[in-house]
There are 2 protein chains.
Amino acid sequence: MKINPNDATTDLSAQIAKAIRDAIVSGHLIMDERLPSESELSDQFEVSRSTVREALKRLAAQSLIRTQRGAFGGAFINRISYEEAYGQQITTSTLLLSMNTVSFDVACEARFAMERACATFAAQRRTADHLATMRTEIQRQAQPGLSDESWCASDIAFHRALVDAAQNPIMSYQLAGAVEAMQPLMNMITFTARNRETIIRLHSKIADHLDNKEAEKVEETLVNLSDYTKTLAYDVIAAKQKHKEG
Amino acid sequence: MKINPNDATTDLSAQIAKAIRDAIVSGHLIMDERLPSESELSDQFEVSRSTVREALKRLAAQSLIRTQRGAFGGAFINRISYEEAYGQQITTSTLLLSMNTVSFDVACEARFAMERACATFAAQRRTADHLATMRTEIQRQAQPGLSDESWCASDIAFHRALVDAAQNPIMSYQLAGAVEAMQPLMNMITFTARNRETIIRLHSKIADHLDNKEAEKVEETLVNLSDYTKTLAYDVIAAKQKHKEG
DNA sequence: AATTTTCATTTGTCATACATTTAAAAGTCT
DNA sequence: AGACTTTTAAATGTATGACAAATGAAAATT
């Protein structure tokens, strides 16, 4: 692990963070291993402790290390958990969308495309449990007087069950990003009784097809749902645009 | 933006980072806006400048802010670029895989499933440019005496072109994570002439089908390629496992 | 043997000082 | 007046030293 103190283009703390990060990612530092103490690191890199600390905080923000105080504490290489991976993914995706780097259409397209990809595996691997969750959510969605907020939550839960049925954690966590990123805009949509009816019908179809292990029909229905979602969002986006101009 | 100085369970710098992060993600702070200077923040939060700095470094590690030195410098809300999103995604995915939180099979499955999802759009939207890139890489792959390293690089370039042809940046950056994460293991595979021949044939098929806008046939070929890749990786993984035990 | 106390180590926080960068503002020259 | 140079103020980056707080091991005590 070497840094170049003469490279004025980059902060020292960023360079040090990079050096340690590379060592971790490349496998030179293994899980649960302890890094040298902050004082030792500052000796090794020949920088002050503050600089080392800033580097370590950068790594902590990426869940690469965890720190513990006390005599036998220190910074330990972290085994990143799904929850943390989710968190990172969601933060990044939300930013990409909220800053209008990508449009709602693109996010929506990506989301349903990935859900369709899940459908293939979900049809093979879905358990009774997954189906039960989906049916429960459909019933909840059919309740009259359900708030838009609760409706959205239930919608997410439904799709989450669909994705989980594929039993591929990578796809689960990738999708979480796209779904969460869409959420702010989805929350702005007012779902009328008629809207909900249509969506519930599509949800029921999906559950049925999944029950029958008919992957292609699930995909087909997801395309319909995707199109319908885009239609609903269209009005909201148009109103938002008008508001900006006016 | 408030913090609780009495919450001994969390570091102050983490609390401050969270407060600012929430303000950014929720949209209370808009793009390119400047945060108060470190001194002002340390006054506001009633902590030292070092603590504020550690908080800011955490945010910088997540590409939420960028800092600039000088008179009218400071910390600015960052418009996260695709490159940065890629970076984040790749770091996270690589870690998940390298720490055996997920298996190669799962990553491979996710990767090709997402590529298949791209195929639908790629068939509709591919340009002559995308096809040209793919054909160029196929030619490169056919060169005798190509190193395993160069082979892998070309393989990535080929698939990158396929994904880019879908023209959905979200899917591009999500896939980048899965592909890059698989790379270390792919690099361990020694590709024999016979292996390469098989893969090149599949690549050619994909390019041809894409040329003819036959999405389903592209998908079909991708499934074959996925299966073949898993077969090749199987031996390497078995050897690695044996090495661990021995 | 069990419990309590001490102690060394390490991270977390604070305060201060100085270096470096940067762009605006002031000054200077043509 | 306009173009160039110098100054300056403000901000981040780095260094140093001090102390607080946590923590587990070792020593002391009961």
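What you see is a predicted model; the values in this text were computed from it and never measured. Letters A, B, ... mirror the listed sequences (proteins, then strands); counts begin at 1. Excluded from the calculations below are hydrogen atoms, water molecules and symmetry mates; all remaining heavy atoms, backbone and side chain alike, are included.
Heavy atoms from other residues, nucleotides or ligands lying under 6.0 Å from NZ of A:Lys18 number 12 at most.
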**Pair B:Ser154-B:Gln141, side-chain hydrogen bond (donor to acceptor under 3.5 Å, both in side chains): steps then yes or no** = CA-CA 7 Å; B:Ser154 174; B:Gln141 287 157 22; 3.0 Å; yes

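D:dA9 atom P lies 18 Å from atom CD of B:Glu40, rounded to whole Å. In this structure, the NZ atom of A:Lys57 is 7 Å from the C1' atom of C:dT11, given to the nearest Å. Rounded to whole Å, atom P of D:dT14 lies 7 Å from atom CD of A:Glu54. Rounding to whole angstrom units, CZ of residue B:Arg69 and P of D:dT14 are separated by 7 Å. To the nearest angstrom, C1' of C:dT11 lies 15 Å from CG of A:Leu59. Going from atom CZ of A:Phe45 over to atom P of D:dT14 covers 14 Å, rounded to whole Å. At whole-Å resolution of the value, CG in B:Asp11 and P in D:dA21 are 14 Å apart. Remark: C1' of D:dT12 and CG of A:Leu12 are 13 Å apart, rounded to the nearest angstrom.
For the pair A:Ala71 and A:Thr67, both in contact range of DNA chain C, the more 5′-proximal nearest nucleotide belongs to A:Ala71. Heavy-atom distances to DNA chain D give each of A:Gly70 and B:Arg53 a nearest nucleotide, and the one nearer the 5′ end belongs to B:Arg53. Between A:Ser50 and A:Gly73, the residue anchored nearer the 5' end of DNA chain C, judged by the nucleotide with its closest heavy atom, is A:Gly73. When each of B:Gln68 and A:Phe72 is assigned the nucleotide of DNA chain D with its nearest heavy atom, B:Gln68 is the one assigned upstream, toward the 5' end.
For D:dG13, the base has a donor-acceptor partner in the side chain of B:Arg49 [N/O atoms by modelled type, under 3.5 angstrom].
Of all nucleotides listed (D:dT12, C:dC14, D:dT16), C:dC14 comes nearest to the side chain of B:Val47. Here the nucleotide nearest the side chain of B:Ser48, chosen from C:dC14, D:dG24, D:dG13, is C:dC14. Listed candidates were C:dC14, D:dG13, D:dA15. Nearest to the side chain of A:Thr51 is D:dA15. With D:dA11, D:dA15, C:dG12 as the choices, the nucleotide that has an atom nearest any side-chain atom of B:Arg34 turns out to be D:dA11.
Residue-level contact check: B:Ser37 touches the backbone only, with heavy atoms under 4.0 Å from sugar-phosphate atoms and none from bases. At the heavy-atom level, B:Arg66 lies nowhere under 4.0 Å from the strands shown.
In this structure, A:Arg111 pairs ionically with A:Glu115, as a charged nitrogen and a carboxylate oxygen lie closer than 4.0 Å. A salt bridge links B:Asp32 with B:Arg66: at least one charged nitrogen is closer than 4.0 Å to a carboxylate oxygen.
Each of A:Val47, A:Thr51, A:Val52 was evaluated against A:Leu41; a single residue qualifies, A:Val52, per the side-chain contact (heavy atoms from CB on, under 4.5 Å) test.
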